[in-house]
Amino acid sequence: MRNKNIIKKSDKHHRLLGIFLALIAISLAFAVEQIIQPEYWIKSLFKVSAFLGSIIIYSAYTKEKLTETIRLHKIEKAKPLLFCMFLFFVGIAVAFLIFKNQLDLVNIKHNLTNKENLTKENCLFAFSYIIFCNSFLEECFFRGFIFRLFKSKKIGALFGSVVFSLYHIGIFITWFNPFIFTLALIGLTIVGLFLQWLVEKYDTILASYITHACANIGINIIGILLIFDIITPS
């Protein structure tokens, strides 16, 4: 292991600062999403500023290398990850087919086209940003930054995964009925724990990032099919 990934007891105030910064960043990003509700690109810029800003402030205060704060190392022996990438991509497609009739596709399309202002002209660019940039930012924040703020790896993994789940479910809360909402909440928490396991196994967020990105590819394909009316909500 290239670092212990757990802050020493003498650095308790660093942990508290990091947790405070993380919670503020999440709260602000969530408030912008639910209350202000700007167009997609303004919202994304704010999220990048909040998440990345908290990481940079923490790194500067603790005088720690930014790459160590987010646990960004070169990935080694990545071939086994190909199965995880395939599993996440296919898993999204299978889940959609199973629960398609329980999803409010009309509302989902309305959110994408009216709330997010996505069109046939700009959605491919927006979805590319989600896959390559947003996935990386979230892994830096939830799996790299938040996890290391706790002395216990188990608590760090669980806290980061639950917050990751709540943040995303809060954004998409109007898409699901209560049953699907509960399943999504539990499912995203399990996904977060699995992604954290990948980070531990490979000692880099790149492992969780490329897996996360593959899941987003599957999700965004569904979004494209809705926007281009290839899937027609009933």
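When reading the values below, keep in mind they use all heavy atoms of this one structure, side chains included, and skip hydrogens, waters and symmetry mates.
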Query raised in the report: Is the Tyr167 ring parallel, tilted or perpendicular to the Phe51 ring (thresholds 30°, 60°)?
Result: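 Rings of Tyr167 and Phe51: tilted, as their planes differ by 30° to 60°.
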**Report entry** Whether Phe142 and His168 hold their rings parallel, tilted or perpendicular, with breakpoints at 30° and 60°
**Finding:**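 Aromatic pair Phe142/His168 classed tilted.
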Say whether [X] and [Y] are linked into one hydrophobic cluster, either directly or through other cluster members, by side-chain heavy-atom distances under 4.5 angstrom.
X: Phe141; Y: Tyr61; answer: yes
X: Val163; Y: Leu16; answer: no
X: Ile190; Y: Val199; answer: no
X: Tyr129; Y: Ile221; answer: yes
X: Leu193; Y: Leu195; answer: no

Query raised in the report: Around atom CZ of Phe125, are there more than 12 heavy atoms of other residues, nucleotides or ligands at under 6.0 Å?
Result: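 Count not over threshold, so no.
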Query raised in the report: Is there a donor-acceptor pair under 3.5 Å between the side chain of His73 and the backbone N or O of Asp203?
Result: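 Yes, because the side chain of His73 sits within donor-acceptor range (under 3.5 Å) of the backbone of Asp203.
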Query raised in the report: Would you say Thr119's side chain and Asn122's backbone share a donor-acceptor pair under 3.5 angstrom?
Result: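 Flag set: sc Thr119 to bb Asn122 pair under 3.5 Å.
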Report task. Please name all residues satisfying side-chain contact (heavy atoms from CB on, under 4.5 Å) with Leu87, sequence neighbours left out, ordered by chain then number. Result ->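 Testing Leu87 for side-chain contact (heavy atoms from CB on, under 4.5 Å), a comparison that skips the adjacent residues, returns Phe83.
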Query raised in the report: Considering residues at least two apart in sequence or located in another chain, which fulfil the side-chain contact (heavy atoms from CB on, under 4.5 Å) criterion with Val32?
Result: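 Checked Val32 against side-chain contact (heavy atoms from CB on, under 4.5 Å); matches are Ile36, Pro38, Lys43, Phe46.
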Query raised in the report: What about the rings of Phe194 and Phe88, do their centers lie closer together than 6.0 Å?
Result: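 Between Phe194 and Phe88, the centre distance is under 6.0 Å.
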Report task. Would you check if there is a donor-acceptor pair between the side chains of His14 and Glu64 at a distance under 3.5 Å? Result ->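 The answer is no; no qualifying pair exists.
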Query raised in the report: For Phe164, is the NZ or CZ atom of Arg143 found under 6.0 angstrom from the centre of its six-membered ring and inside 45 degrees of the ring axis?
Result: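 Judged by the rule, Arg143 and Phe164 form a cation-pi pair.
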All N/O donor-acceptor pairs, side-chain side in residues 222-230, below 3.5 Å, sequence neighbours left out:
unit_1	atom_1	unit_2	atom_2	d
Asp229	OD1	Lys109	NZ	2.2

Query raised in the report: How long is the span from the CD1 atom in Ile56 to the CD1 atom in Ile70, to the nearest 0.5 Å?
Result: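 Those atoms lie 9.5 Å apart.
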